[in-house]
Amino acid sequence: MKTNTFRQRIRQSIENETLQTALDNNTERRLKGRAAAFESIPNLEERRQRAHAIRADVIERLDEYLDQFIAKNEENGVIVHRAKDAAEAVNLILEIAKQAGENAECGMRNAESKIRIAKSKSMVSEEIELNHALEQAGIEVVETDLGEYIVQLRHERPSHIITPAAHLKKEQVAELFREKLGIPYTVDIPTLTATARKVLREVFLTADVGLSGVNFGVAETGAVCVVTNEGNARMVATLPPVHIALMGMERLVPNLADLSLMLSLLPRSATGQKLTVYTQLLRKPFPNQQRHLILLDNGRSRLRKSPLKESLSCIRCGACLNACPVFRELSGHAYIGSDLSIAPYPGPIGSVISPGLLGENYVQLAQTCSLCGACKEVCPVDIDLPKLLTRVRAGYATQPTLGDGRGLSLPTRLFLRIFARAATTPSLFALSQKFASLGTFLLAPRSGWVRLPAFTGWGYSKDLPRFAGKTFRERYQGGSLGTGQLSGKVPLKPEPVAVHVDTLPLRDVQFSNELTALGGHVTHTSNPTQSVVEFLHSRGVNKIHLEPNTLDESLLREARVEFTHAPDPQILVGVTKALCGLADTGSVLVADGAGNPLEASLLPEIHIAILNVADILPSLPDAMPLVKEADAAVFITGPSRTADIEMTLTIGVHGPKEVHVFLAS
Ligand code: SF4
């Protein structure tokens, strides 16, 4: 009965033409983008293996890394909580929100109004069904990622871990915005995006609490790394007086060098970008801000001791969903549990971790898998998903201590015992190969004595491959293959690989090309203040938010350009220093400091960064020493962007619509 319901849902998805078109658009473009993005880095396979080894090491020594990470966070002034399950995490968030609400009432907020949480995308919050719990408690929670906002307005769950509204077409979004936001019906995606920007800007500026997920925690420094393209995670982490970072406790990397390796893989794999638009590293809370870090277990400790442990290495890039031929027909909403609830994590990885973390209810998801191996092939941390999926099918998700085949049928157990004996005894293995070769000869459709198709259907459209005259073993022992070929194993923990190659001597040219390709603007200048003034005059702007010691302030006064060092949402242009630029991605690094540069690079529609040519570095790993001691820093790679509606690239969602870099020589 339950299986039938699951099948019905699958059938509905396949027969839904609108869904099929939306899915094709999403997955095809993602896969092409991913392939193109990986062309720009060398040694991809070595990086994957290194990333695999780093994540495996973290999961193995998780307690040690967690202790280090927690100690650093406490040292940094962050309030750390550990939640053993969903209920504990929800209660913690409720308490923090209520406290924030009370503090705000002491200030200026109306006691009658609801406590407001501005939230950026977090799969962990989906896992603990946070929004539902907050709404039940009378707290207003607003999703601020465009895709998440759309599905929240539709009272749906995200259908993809990276592209939450991947199942929708623009006509459906247009109708939704007409109905819920009161705008005239339009399928113009920039207009739909601009509407969301306007509505959500007010949410960011008035929220009592900002809540974000965490992509990586860095054990060495205690920093949390949060990446977004739209800028909403920067808003929720920067503007409200309280920031909650909600993190699965396994999402750690040992140090900043390992982080830069992960960041060379995650955005390429997830969205086909060399670097996400905003890669922020938050070490200390901002002045007058409280930061809470909630580390969620919710089954991870149990999973860590089970044969599904490897699934904890996942960095949630979503590539296995896009590559999976089954997911590409179904979308995330067809991945339902036996209680009909939609699984928080769909696709290949979801079919392992949903049952692994949340139990029996989602075990049936693994039945959708065809074991084609496409998921393993694309996984940037080389997780052996097909192996894990077969383990879920064998009952390991719910009985992790199974090791003797309990849960399997008697004939299967018997067969596996015989197979195990034959496969581990060289003489029996050699004998079994002889029998297999004889059996194949007898059953082969063209030359055999027995018509195999009569029994199994094999051979009508596929021929049984013929066995070679000699087995591999015989050829190897006979020396025709050479004796070294069986020892060419990949080392368990490969040597660290260089994560960048500085091949271009003209870094400023490379930097300019990269940034321009992303829609940014580069101006070479020997007098940055003069050039900025000319730019401002050309745009009719006479007031800016300026980071101190960035431009010649007396020259600005002479040119009648007003400036302030305080954030002001009405100001159109923010001007900051860039600590460095990255030649291979066109990024600039902005760090927290006097004059609120992080707000100046976020709130205005136009961000101007002043960068010295000599400060352009080859690649991300070269810049990591600069962020090690920074309280907060962000790598900005072009203007804010989204592709959440029909995968159509739209510039200027929440962050600046224009990024101008003035390259000072
Ligand atoms: S299993 Fe691999 S491919 Fe799938 S989401 Fe996780 S990291 Fe990405």
Side-chain angles (χ1 to χ4, degrees), residues 26-27 30-35 37-38 44-45 47-59 121-124 126-127 158-164 166 213-216 225 227 247-248 250-253 258-259 261-273 276 300 303-304 307-328 330-332 335 343-357 362 365-366 368-392 397:
N26 180 58
T27 49
R30 284 282 188 237
L31 284 175
K32 279 186 191 149
R34 177 189 175 279
F38 274 121
L44 174 59
E45 195 46 42
R47 283 179 197 233
R48 281 179 88 212
Q49 295 312 318
R50 177 75 185 132
H52 182 91
I54 290 168
R55 292 295 293 143
D57 172 55
V58 165
I59 304 308
K121 199 155 90 59
S122 150
M123 290 312 296
V124 170
E126 294 293 334
E127 178 188 323
S159 62
H160 189 290
I161 64 176
I162 297 295
T163 329
V214 173
N215 292 92
F216 298 103
C225 174
V227 303
M247 174 177 170
E250 82 287 10
R251 297 297 293 275
L252 291 173
V253 287
D258 294 336
L259 177 69
L261 173 68
M262 293 297 168
L263 290 174
S264 75
L265 297 170
L266 174 64
R268 282 180 166 89
S269 209
T271 51
Q273 292 167 282
T276 309
R300 286 162 174 79
L303 200 55
R304 197 174 147 235
L308 304 180
K309 172 177 169 179
E310 194 184 342
S311 62
L312 288 171
S313 295
C314 174
I315 57 172
R316 305 284 190 272
C317 73
C320 59
L321 279 65
N322 300 334
C324 174
V326 177
F327 180 89
R328 290 169 61 158
L330 302 187
S331 128
Y335 286 76
Y345 303 100
I349 185 62
S351 302
V352 178
I353 53 169
S354 292
L357 295 175
Y362 295 115
L365 303 185
T368 59
C369 176
S370 67
L371 296 179
C372 70
C375 48
K376 175 171 162 52
E377 210 168 292
V378 295
C379 178
V381 287
D382 196 24
I383 296 173
D384 194 344
L385 282 160
K387 179 185 76 187
L388 298 178
L389 284 156
T390 55
R391 288 183 178 176
V392 174

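Just follow the structure's listing: the first ligand is 1, and inside any ligand the first atom is 1. These numbers come from the heavy atoms of this one structure, side chains and all, not from hydrogens, waters or symmetry mates. Because the structure is a prediction, the values reported are computed rather than measured.
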* Structure fact -> min-distance protein heavy atom vs atom 8 (Fe) of ligand 1 -> C317 SG, 2.3 Å

* To do: Give a yes/no answer: is there an N/O/S atom of C320 under 2.8 Å from atom 6 (Fe) of ligand 1?
  => no

* Is C379 close enough to atom 8 (Fe) of ligand 1 to have an N, O or S atom under 2.8 Å? -> no

* To do: May I ask you to say whether R304 pairs ionically with E250, meaning some side-chain N is under 4.0 Å from a carboxylate O?
  => no

* Positive for side chain to side chain donor-acceptor pair (under 3.5 Å) with D382, one of H52, K376, R47 -> K376

* Where do I59 and K309 come nearest, in terms of heavy atoms and distance? -> CG2-CG, 3.9 Å

* **Sub-4.0 Å heavy-atom approach of I315 to ligand 1** => yes

* How far apart are the closest heavy atoms of A397 and V392, and which atoms are they? -> CB-CG1, 4.2 Å

* Output the list of atoms in ligand 1 that are nearer than 4.0 Å to some heavy atom of L385, sorted by atom number. => 1 (S)

* Asked: E127 and P344: which non-hydrogen atoms are nearest, and at how many Å?
  -> CA-CB, 3.9 Å

* In the protein, which heavy atom is nearest to atom 6 (Fe) of ligand 1, and how far is it? -> C314 SG, 2.3 Å

* What residue and heavy atom of the protein are closest to atom 5 (S) of ligand 1, and at what distance? -> G318 N, 3.2 Å

* **Shortest non-hydrogen separation from L321 to F327 and the atoms involved** => O-CD2, 3.2 Å

* Pull out every atom of ligand 1 sitting under 4.0 Å from any heavy atom of P380, numbered as shown with elements. => 2 (Fe), 3 (S), 7 (S), 8 (Fe)

